[in-house]
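We count ligands from 1, going down the list as the structure has it; atoms in each ligand are counted the same way.
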Amino acid sequence: MRRLLDRSVIVTGGAQGIGAAYARALAAEGARVTVCDILSPDATVAAIRELGGNATGQVCDITDSEAVARLVEHSVAQFGGVSGLVNNAALFATLRPRPFSEIGSEEFDRVLRVNVRGTFECIKAVLPVMRAKGYGKIVNIASGTVFKGTPMMMPYVSSKGAIIAMTRAAARELGGCGIRVNCLAPGLTLSDGLVGNEDYPEEMTRSVLETRCLMRDQTPEDLTGALAFLLSSESDFMTGQTVVVDGGSVMH
Ligand SMILES: NC(=O)c1ccc[n+]([C@@H]2O[C@H](COP(=O)([O-])OP(=O)(O)OC[C@H]3O[C@@H](n4cnc5c(N)ncnc54)[C@H](O)[C@@H]3O)[C@@H](O)[C@H]2O)c1
């Protein structure tokens with residue numbers, strides 16, 4: 001079943017890692033996908049087109065409101081509208097886990113600026129298009145670390161807590177115009193960036209694994225089914241919720 005045949009979806013941070021897996025999976029479900037990233041999204045777009053999917057790409061810094069406005073214009077011009085938004089772009093895999101006493105204020109501001117303000121800019125930019133249609137599906141990517149209070153990543157965990165709060169506030173404000181806003185909270189996932197980050201201690205990956213009911217590594221593909229569901233009409237009576245996909249590590 002291809003659940004997203006009538007959907008035009010923007011995926012932020014889709015040049016690599018989990019975002020690229022989201023973009024590929026949504027295109028396979030029939031969505032017309034606009035991939036954006038601060039890096040070139042060309043490889044993701046090419047991979048989708050090779051498999052017969054429909055995708056376009058744009059380089060865009062999500063903290064730049066004018067660039068985000070151009071991204072939405074591009075998506076509307078290419079695909080006639082925007083019915084879905086996946087706020088996946090964030091600073092995560094490039095961060096070095098360490099005690100918060102060693103983390104400077106500049107890093108704290110930078111993480112909050114991209115992860116929280118960037119998400120705010122993207123939601124704001126798609127609003128007029130979704131409102132005009134009286135329908136929209138927004139999925140914000142949070143993290144299981146919020147529920148665990150994971151140490152050594154305080155700015156990141158704070159930013160993802162804010163994403164869950166923003167999701168709830170946006171769901172309340174936007175329900176009246178048919179826009180659903182939900183969160184997907186992944187557990188520790190072996191993304192390209194995480195695997196390539198030498199600063200990420202292996203024992204952190206091992207210790208997370210031991211907390212799972214399903215004791216194996218999590219891959220980006222473990223997340224795509226829940227994402228497609230949250231973007232499809234099958235979840236139209238859900239809003240303001242956070243769905244944790246982590247092999248049963250967090251139960252909330
Ligand atoms: N990998 C995990 O274990 C894990 C767990 C929970 C949540 N997450 C979340 O999933 C998402 C993807 O994770 P990942 O592991 O692939 O991370 P990643 O850091 O490898 O990917 C993030 C992507 O966002 C892009 N990006 C960064 N700043 C940007 C900006 N200002 N504008 C546009 N794009 C920007 C990066 O270039 C990158 O392609 C993130 O939101 C992350 O917080 C990841």
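Atom numbering of ligand 1 starts at 1 in the shown order; those under 4.0 Å from a heavy atom of Leu188 are 3 (O). Atoms of ligand 1 lying under 4.0 Å from at least one heavy atom of Tyr156, given by number and element, are 6 (C), 7 (C), 8 (N), 9 (C), 42 (C), 43 (O). Close approach to Val114 involves these atoms of ligand 1, each under 4.0 Å from a residue heavy atom: 28 (N), 31 (N). In summary, the atoms of ligand 1 found under 4.0 Å from a heavy atom of Gly13, numbered by their order in the structure, are 23 (C), 24 (O), 25 (C), 39 (O). Atoms of ligand 1 found under 4.0 Å from any heavy atom of Ala142, numbered from 1 in the order shown, are 7 (C). Residue Asp61 approaches ligand 1 through these ligand atoms, each under 4.0 Å from one of its heavy atoms: 30 (C), 31 (N), 32 (N). For ligand 1, the atoms closer than 4.0 angstrom to any heavy atom of Ala93 are 18 (P), 19 (O), 20 (O). Close contacts of ligand 1 with Leu39, meaning ligand atoms under 4.0 Å from a residue heavy atom, involve 37 (O).
In terms of polar-atom proximity, defined here as any N/O pair under 3.5 Å, Ser143 makes no such contact with ligand 1. At a 3.5 angstrom cut-off on N or O pairs, Asp37 counts as close to ligand 1. By the 3.5 Å distance cut-off applied to N or O atoms, Gly17 is not counted among the residues near ligand 1. An N or O contact shorter than 3.5 Å links Ser191 to ligand 1 by distance. Checked by distance only, ligand 1 and Ile62 come closer than 3.5 Å through their nitrogen or oxygen atoms. For a threshold of 3.5 Å applied to N or O pairs, the pair formed by Leu194 and ligand 1 contains no separation below that value.
Considering OG of Ser235 and NZ of Lys137, their distance stands at 3.0 Å, rounded to 0.5 Å. Interatomic distance, CG of Asp64 versus CZ of Arg117, reported as 8.5 Å (0.5 Å rounding). A distance of 8.5 Å separates CG in Leu4 from OG in Ser233, rounded to the nearest 0.5 Å.
If you check the side chains of Asn140 and Thr119, you find no donor sitting under 3.5 Å from an acceptor.
Atom CZ of Arg168 is surrounded by 12 or fewer heavy atoms from other residues, nucleotides or ligands within 6.0 Å. In Arg98, the CZ atom is crowded: over 12 heavy atoms of neighbouring residues, nucleotides or ligands sit closer than 6.0 Å. In the displayed structure, Glu173 atom CD is contacted under 6.0 Å by at most 12 heavy atoms of other residues, nucleotides or ligands. The number of heavy atoms from other shown groups lying within 6.0 Å of CE (Met153) is above 12.
Of all protein heavy atoms, the one closest to atom 6 (C) of ligand 1 is Pro186 O, 3.3 Å. The closest protein non-hydrogen atom to atom 34 (N) of ligand 1 is Ile38 N, 3.3 Å. Distance from atom 5 (C) of ligand 1 to its nearest protein heavy atom, with residue and atom name: Gly187 O, 3.3 Å. With hydrogens left out, the protein atom closest to atom 3 (O) of ligand 1 is Thr189 N, 2.7 Å, a heavy atom. Nearest to atom 2 (C) of ligand 1 among the protein's heavy atoms is Phe92 CE2, 3.3 Å. When only non-hydrogen protein atoms are considered, atom 40 (C) of ligand 1 lies nearest to Asn88 O, 3.2 Å. For atom 13 (O) of ligand 1, the closest non-hydrogen atom on the protein side is Ile18 CD1, 3.7 Å.
Looking at Asp109, its side chain never comes within 3.5 Å of a backbone N or O of Glu106 through a donor-acceptor pair. Between the side chain of Arg32 and the backbone N or O of Phe79, at least one donor-acceptor pair lies under 3.5 Å. Without hydrogens or angle criteria, Arg180 side chain to Gly178 main chain gives a donor-acceptor distance under 3.5 Å. The main-chain N or O of Val181 is found under 3.5 Å from a side-chain atom of Thr239 such that the two form a donor-acceptor pair.
For atom 10 (O) of ligand 1, the nearest non-hydrogen atom from the set Thr150, Val245, Ile141 comes from Ile141. Scanning Glu121, Gln16, Gln218 for the heavy atom closest to atom 38 (C) of ligand 1 points to Gln16.
When heavy-atom distances to ligand 1 are checked against a 4.0 Å cut-off, Pro220 has no atom that comes that close, whether in backbone or side chain. At a heavy-atom cutoff of 4.0 Å, ligand 1 is contacted by the backbone of Cys60 but not by its side chain. For Lys160, every heavy-atom contact with ligand 1 shorter than 4.0 Å involves the side chain, none the backbone. Both the backbone and the side chain of Ala90 come within contact range of ligand 1, each with a heavy atom under 4.0 Å.
Sorted by first then second residue, the side-chain hydrogen bond (donor to acceptor under 3.5 Å, both in side chains) pairs that include residues 240-252, not counting sequence neighbours, are Lys148-Ser249, Thr211-Ser249.
For Glu66, there are no salt bridge (charged side-chain N to carboxylate O under 4.0 Å, His left out) partners at least two apart in sequence or on another chain.
When side chains are defined from C-beta on, Ile138 counts as touching Asn87, because their heavy atoms get closer than 4.5 Å.
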With side chain to side chain donor-acceptor pair (under 3.5 Å) as the criterion, how do His74 and Thr34 come out once you've worked through the C-alpha distance, each side chain's angles and the decisive distance to 0.1 Å?
CA-CA 8 Å; His74 176 73; Thr34 302; 5.9 Å; no
